[in-house]
Structures are given as structure tokens and as C-alpha cells.
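Heads up: the structure comes next, in C-alpha cells.
All heavy atoms count here, side chains included; hydrogens, waters and symmetry mates do not.
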Amino acid sequence: MAEFYAYKYSTSHLFFPKIIITLLVVLGLVIAVPKLLAALKERKNGGKKYRFFVEGYDKLKLFGTVILMILYVLALDLVGFLPASILFVLLFNVLFCGTLEKNSLLVSAVIAVVFPVAVWLIFGKLFNVTLP
């Protein structure tokens, strides 16, 4: 019975991502199901065609974000937390800034270095939290 309550520190970092993913799926369903039901009801009553995205959305930012997120997760395993985070924070800043001006790139580079290093120092070193 004591083994049931035994806490394994080697697998503790796997606990919260499962909770977060479950919570995100549940909340996503809470948002999506009522919208889907309303769209089906409107369509059944002869209303306008339902659109998932608002008209004129920024396709580059949407799909660029999805692609960068997938690549970031893959890069975490390859190069580790700090180098991957620095690179992808820079890429996200450039994507959302929308310009390649020198001042904008300089600000993005400073942000890309300062914030991941601060997170790594605070959580990885100070609080001894396992980072990917």
C-alpha cells in the first residue's frame, strides 16, 4: 500500500502536462460545441454559410504559428530548452512584428535572449524545476 503513495521525482515533470492538455481539450470542447450547434441550427434554418475563420484573417501568422510551434517542440528534443527557446522566440517576434527593419530585429533579438535566459535561470537554476 505504501508504494501506491510513493512519489517518483523522476517522472514528476510528466504530471502537469497531462493535466494541462486535458484541461485544454475540455475547454476547447466547451467553446467549440456550442458554436458548432449554433452554426448547424442557423444553416438548417436557411441562414448564411458558417465560416470557421473571420473574413480577412492573417493566414501567414496563423499557419506560421502552428508550424513554428511544431518545430519548437521538435527542436526542444534536439538542442535543449535554452537554444531552442532563444531561436523560436526570435522567429515568433519576427513573424508577429511583420517587418525586417534593423531596429525591429535588434529588439526581437534582445527579447529572444533575455526572456528565455531569465526563465532558465529562475526556474531551472533557482527553483530547480526540470525544463525540457
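Atom-to-atom distance recorded for Leu29:CG and Leu24:CG is 11.0 Å, nearest 0.5 angstrom. Taken to the nearest 0.5 Å, the OG atom of Ser108 stands 10.0 Å off from the CG atom of Leu91. Separating the CD1 atom in Ile111 from the CG atom in Asn93 is a distance of 5.0 Å, to the nearest 0.5 Å. Of the inter-residue distances, the one linking Thr22 atom OG1 with Leu27 atom CG reads 11.0 Å to the nearest 0.5 angstrom.
The shortest heavy-atom contact between Ala84 and Gly80 is CB-O, 3.1 Å. Between Val89 and Pro116, the shortest heavy-atom distance links the atoms CG2-CG, 4.0 Å.
Both Leu60 and Phe92 belong to a single network of hydrophobic side chains, linked directly or stepwise wherever heavy atoms of I, L, V, M, F, W or Y lie under 4.5 Å apart. Following chains of ILVMFWY side-chain contacts shorter than 4.5 Å, one cannot reach Phe115 starting from Ile86, and the two form parts of different hydrophobic clusters. Taking hydrophobic clusters as Ile, Leu, Val, Met, Phe, Trp and Tyr residues chained together by side-chain heavy-atom distances below 4.5 Å, Met69 does not share a cluster with Val73. Under the 4.5 Å side-chain contact rule for hydrophobic residues, Val26 and Ile19 do not share a cluster. Note on Leu74 and Leu90: separate hydrophobic clusters, where clusters join Ile, Leu, Val, Met, Phe, Trp and Tyr whose side-chain heavy atoms are under 4.5 Å apart, directly or indirectly.
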List the atom pairs, donor and acceptor, that lie under 3.5 Å between side-chain atoms in residues 95-105 and the rest of the protein, sequence neighbours left out.
{"unit_1": "Thr99", "atom_1": "OG1", "unit_2": "Glu101", "atom_2": "N", "d": "3.4"}

Go through Val117 and Leu82 one step at a time and tell me if the side chain to side chain contact (heavy atoms under 4.5 Å, CB included) criterion holds. CA-CA 7 Å; Val117 169; Leu82 198 55; 4.0 Å; yes
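Listed by first and then second residue, the ring pair (Phe, Tyr, Trp, His ring centres under 6.0 Å) pairs that reach into residues 55-82 are Phe53-Tyr57, Tyr72-Phe88, sequence neighbours excluded.
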